[in-house]
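Accompanying notes for the structure given below.
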There are 2 protein chains.
Amino acid sequence: MRTAKLTTDGTITLKHVAALAGVSPITVSRALNKPDTVSDKLREKIERAVEQLGYVQNHVAGALASAGSNVIPVIVPSLSNTVFVEVVAGIQEIAQKTGYQLMLGNTDYDLDQECALVSTFLGWSPPGLIIAGMKHLERTHTLLKRYGKPVVEVMEYGAHPIDMNVGLSHYQAGEAMAKHLIERGYKQIVFVGCQLTADYRAWQRYKGMDRVLAKAGLTRRPPVALEQTSHVQVGGPALIDVLATQPDVDAIFFANDDLAVGAILRAQRDGIAIPGRVAIAGFNGLGLAELVMPALTTIVSPRMEIGRIAAQQLFDRLASRSPRRRRVDVSFELIARQST
Amino acid sequence: MRTAKLTTDGTITLKHVAALAGVSPITVSRALNKPDTVSDKLREKIERAVEQLGYVQNHVAGALASAGSNVIPVIVPSLSNTVFVEVVAGIQEIAQKTGYQLMLGNTDYDLDQECALVSTFLGWSPPGLIIAGMKHLERTHTLLKRYGKPVVEVMEYGAHPIDMNVGLSHYQAGEAMAKHLIERGYKQIVFVGCQLTADYRAWQRYKGMDRVLAKAGLTRRPPVALEQTSHVQVGGPALIDVLATQPDVDAIFFANDDLAVGAILRAQRDGIAIPGRVAIAGFNGLGLAELVMPALTTIVSPRMEIGRIAAQQLFDRLASRSPRRRRVDVSFELIARQST
DNA sequence: ATGAAAGCGCTAACAG
DNA sequence: CTGTTAGCGCTTTCAT
């Protein structure tokens, strides 16, 4: 009732502003959207009218009439994982500065859900879209291709982006860590991660590691794939479990720093020598990694930077400046500390 | 050029689907939005047409015609702070399940920015809105009131919500921690936080603590307000600094667990006895808090739950079920561990 | 620099 | 259960 009344007669539209200012609606529209195309006198009058009526622009109508909005969908697989949040934060930073809004979608690592989200989001006539990952359903691909506007795939760096791509090679990251561990003399290396089927980037790191192990002629162990969602709490029990079931293991490459930090903290508590009894490595480069004892060897990925670059690429294209490069490998840095 | 072409003639609309299915556009609309109001036969035919043409609903047009969208704006002061992200995740969980989309805004702890965001977001005719905090500009208040649809203010629990409110009293949380510290015999207690002017909830915790200190006749110290953004990295240096400049301090109440964990990790490294030399307490109840040594005394706030409840309240109202309560105090739990 | 007319794609309201 | 008519509030032409 109340809402109905509001939308029926309470709403203040361009017309009302126009009437009060004594101009035509289109002039008000211009004054609001392209201020310099309207004379100072009228603009001031209009601004006063807007203020007086408390007019709020209806972006829905605007988007329909101009067949485009300033809302950028951002699709990520999870919000419980810091990593994606940081990417979103990076995008946000640039987007908000440039006057764009973000619409947030969460796939829960489910490609069908992802496809549904893409479809819904495209219905909002966004000027572009940012999506985590390069592995999508065929249908998602088709939707995005046909859509024909800038799309940035982030997190991974891969060969055949739909449009633009900003990320790093997780496969190479895995290789790098394996090489590092081998250099330090470890021979019985195992990969531990959570939900490895869904989190295929972690899987890629495993594969990278596995390849190096194979080439070096070292024991190739199947990855330890935990069912739970990745949490700092999970690392400790995982460490204990690996040590019990595979006592000959001398190094663990955890899928991420949360797990690795959890393991180190537990080792400390239980008096397990790191790296004496077993070496521990992580991935991400969280701030925490350098604070624990021993400090954690890890691979730093520039998450927020990925977000910033992705957004920048997108906006460059929207401003019809062509982006620097269609594909950006932000790379990574292995930081060797005391835990290995 | 390419995009222009796409939007000019490449776009597939309801009409096209209707034509192909041999029905009127409104029937297609109904088949898509209220499937049970259309006969099975037609619905199937329509679905096939949709599939065949790869039709994507235009939500902008839908929202304009029906004067309402299913996009819920969520406004938070920061994305770098886990706490808000968890609330957003909670909201997301419920929203996505219910078929709503989130539009994310970040105020950077700036009330003017907040007002601008509210104004923009209202232009998208959202059915409701969720915003962190209860401290807004007068103008923001007016906008939200006049808007007349469900609004949920989250994080704090306060006396005069615009509409609905889900959160906890940070003042009481501060009191609780002060009482705990006093009970354990600490007498020289100081509060340490980052950006205390912007993060007024942390300030409220300080005030709560200060009040209890005053009542107990203990030394009241000004809070240590650090300039940097709150990070686990900041905790260590802060600890060292406090110990150097206020050597008589015997307990530190950090504004959050990140800082407190950073301090504990540093203490461990430097051989500072916790709680022997100084006791340390935090706020939030991060998973990490129980893993460090000594385990951290902290106050657990149900962040994700706040998000879930807020979303639930909102959707209850949208379904014209009136929400259970207009104001929900989710409360908090003090967990005393070894660090105090 | 300003205005008039037309329509974006969809759905509310009513009719059948 | 299905269709017709009208219009959401704005912006895009195209004039002036």
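Chain letters run A, B, ... following the sequence lines, proteins first, then strands; residues in each count from 1.
Using a 4.0 Å heavy-atom cutoff across all strands shown, B:Asp40 reaches no nucleic acid atom at all. Nucleic acid contact class of A:Val23 (heavy atoms, under 4.0 Å, all strands): sugar-phosphate only.
Of the side-chain N and O atoms in B:Thr27, one or more sit less than 4.0 angstrom from OP1 or OP2 of D:dG3. Contact annotation: A:Ser39 side-chain N/O to C:dT2 OP1/OP2 distance is under 4.0 Å.
In this structure, A:Ile162 and A:Glu153 have side chains that are in contact, with non-hydrogen atoms separated by less than 4.5 Å.
Note on residues 54-81 of chain A: pairs passing side-chain hydrogen bond (donor to acceptor under 3.5 Å, both in side chains), not counting sequence neighbours, are A:Asn33-A:Gln57.
Two residues, A:Val38 and B:Thr13, neighbour DNA chain C, and the one matched to the more 5' nucleotide by heavy-atom proximity is A:Val38.
For A:Gln92, there are no side chain to side chain donor-acceptor pair (under 3.5 Å) partners, not counting sequence neighbours. Taking A:Tyr109 as the reference, nothing meets the ring-ring contact (aromatic ring centres under 6.0 Å, His included) condition, with sequence neighbours excluded. Taking B:Asp36 as the reference, nothing meets the side chain to side chain donor-acceptor pair (under 3.5 Å) condition, with sequence neighbours excluded. Listed by chain and number, the residues in a ring-ring contact (aromatic ring centres under 6.0 Å, His included) with B:Tyr100 are B:Phe315 (sequence neighbours excluded).
With rounding to whole Å, B:Leu32 atom CG is found 8 Å from C:dT11 atom P. Rounded to whole Å, atom P of D:dC10 lies 13 Å from atom CH2 of B:Trp124. Distance, A:His59 NE2 to D:dG9 P: 15 Å, rounded to whole Å. A:Lys15 has its NZ atom 10 Å from the C1' atom of D:dC8, to the nearest Å. Regarding B:Arg43, its CZ atom lies at a distance of 14 Å from the C1' atom of D:dT2, rounded to whole Å. As rounded to whole Å, 16 Å separates atom C1' of C:dG9 from atom CG of A:Leu122.
Nearest nucleotide to the side chain of B:Leu64, out of D:dT2, C:dA4, D:dG9: D:dG9.
In this structure a side-chain-to-backbone donor-acceptor pair under 3.5 Å is present from A:Thr120 to A:Ala116.
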Going 5' to 3' through nucleotides 11-16 of chain D and flagging B where a protein heavy-atom sits under 4.0 Å of the base, S where only the sugar-phosphate is that close, and - otherwise, we get BB----

